[in-house]
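The structure under discussion appears below in the form of structure tokens.
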Amino acid sequence: MIRKGFKMKLNAGQEAEYEKRHNELWPEMRDMIHEHGGKNYSIYLDRETLTLFGYIEIEDEELWSKGADTEINRKWWDFMADIMETNPDNSPVSVDLEPVFHLD
């Protein structure tokens with residue numbers, strides 16, 4: 001199991017919409033995450049900076065990275081592009097965070 005932390009950026013005024021869309025996560029998107037080895041996925045919001053902090057546990061980096069090229073993931077990126085910082089392909093601007101401490 002690999003623990004991953006990353007940050008993204010929400011557009012101003014989109015806090016409620018971001019939470020709503022994730023509370024209504026499409027079953028196909030949930031299935032894709034699980035099929036590509038993702039579990040124990042959480043996203044937190046720093047309302048002061050609009051920084052999103054994501055945490056996910058994955059089985060394998062290669063398997064996880066293949067999820068980005070699925071049709072449902074591309075559709076999700078397009079759906080979310082209007083409320084957060086994105087790259088030209090609508091993928092979220094995401095910065096991996098370096099782990100510095102863990103305690104079980």
Side-chain angles (χ1 to χ4, degrees):
M1 190 266 307
I2 302 165
R3 292 183 303 274
K4 295 182 70 70
F6 55 94
K7 66 180 181 174
M8 301 174 290
K9 185 79 171 186
L10 193 59
N11 293 339
Q14 298 300 322
E15 299 90 336
E17 184 62 22
Y18 185 89
E19 186 172 1
K20 176 184 179 291
R21 291 182 190 187
H22 280 79
N23 287 338
E24 299 171 354
L25 186 67
W26 307 329
E28 303 89 348
M29 188 63 181
R30 182 178 294 114
D31 292 346
M32 185 283 297
I33 291 168
H34 291 151
E35 289 166 6
H36 286 84
K39 62 181 179 178
N40 200 22
Y41 192 2
S42 298
I43 302 173
Y44 300 87
L45 172 63
D46 177 346
R47 291 186 183 276
E48 206 172 287
T49 65
L50 298 179
T51 299
L52 297 159
F53 166 74
Y55 171 84
I56 191 166
E57 296 171 356
I58 63 170
E59 296 172 12
D60 175 87
E61 287 282 359
E62 186 177 340
L63 176 62
W64 177 246
S65 67
K66 289 179 181 178
D69 288 328
T70 62
E71 183 179 338
I72 192 65
N73 193 64
R74 298 283 176 177
K75 185 177 174 182
W76 182 258
W77 286 351
D78 292 345
F79 178 58
M80 297 300 290
D82 65 323
I83 64 170
M84 60 190 305
E85 287 186 7
T86 61
N87 294 303
D89 66 354
N90 281 345
S91 64
V93 173
S94 180
V95 178
D96 286 340
L97 299 173
E98 179 182 340
V100 294
F101 177 77
H102 173 76
L103 177 67
D104 277 328

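Note that the structure is predicted; figures quoted are calculated from it, not measured. For reference, positions follow the sequence shown, starting with 1.
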K75 with E71: basic N within carboxylate O range, under 4.0 Å
no

Quick check on K9: does its NZ atom have over 12 non-hydrogen neighbours (other residues, nucleotides or ligands) under 6.0 Å away?
yes

Between atom CD of E15 and atom CG of L10, what is the distance when rounded to the nearest 0.5 Å?
5.5 Å

Separation between CD of E17 and CG of D82, rounded to the nearest 0.5 Å:
7.5 Å

Holding to salt bridge (charged side-chain N to carboxylate O under 4.0 Å, His left out), I want the full list of residues that pass it with E62, two or more places apart in sequence or in another chain.
K66

Is I43 reachable from I72 through a run of hydrophobic residues whose side-chain heavy atoms are each under 4.5 Å from the next?
yes

Residues forming a side-chain contact (heavy atoms from CB on, under 4.5 Å) with N87, sequence neighbours excluded:
D89, S91, V93

M29 and N73: CA distance, side-chain angles, deciding distance, side-chain contact (heavy atoms from CB on, under 4.5 Å) verdict
CA-CA 7 Å; M29 188 63 181; N73 193 64; 3.0 Å; yes

Shortest non-hydrogen pair, K4 vs I58, comes out as CD-CD1, 3.4 Å

Which pair of non-hydrogen atoms, one from K39 and one from I56, has the smallest distance, and what is that distance?
O-CG1, 3.6 Å

Identify the two heavy atoms, one from H36 and one from G67, that lie closest to each other, and give their separation to 0.1 Å.
CD2-N, 3.4 Å

Roughly how far, to the nearest 0.5 Å, is the CG atom of D31 from the OG1 atom of T70?
11.0 Å

Can you name the closest pair of heavy atoms from I33 and W64 and give their distance?
O-CZ3, 3.9 Å

If you count heavy atoms of other groups shown closer than 6.0 angstrom to CD of E19, is the number above 12?
no

At their closest point, which heavy atom of R74 faces which heavy atom of A68, and how far apart are they?
NE-O, 3.3 Å

N/O donor to acceptor pairs below 3.5 angstrom from side-chain atoms of residues 95-104, sequence neighbours left out:
| unit_1 | atom_1 | unit_2 | atom_2 | d |
| --- | --- | --- | --- | --- |
| H102 | ND1 | R3 | NE | 3.3 |
| H102 | NE2 | D104 | OD1 | 2.8 |

Which residues pass the ring-ring contact (aromatic ring centres under 6.0 Å, His included) test with W76, sequence neighbours left out?
H22, W26, F79

Could you work out, with salt bridge (charged side-chain N to carboxylate O under 4.0 Å, His left out) as the rule, every residue matching R30, not counting sequence neighbours?
none

On a heavy-atom basis, which atom in F53 and which in G5 lie closest, and how many Å separate them?
CE1-CA, 4.3 Å

Roughly how far apart are E85 CD and N11 CG, rounded to 0.5 Å?
7.0 Å

Sequence neighbours excluded - side-chain hydrogen bond (donor to acceptor under 3.5 Å, both in side chains) pairs with any residue from residues 41-51:
D46-T49, T49-T51

Is it the case that one hydrophobic cluster holds both L25 and M80, taking links as side-chain heavy atoms less than 4.5 Å apart, direct or via other members?
yes

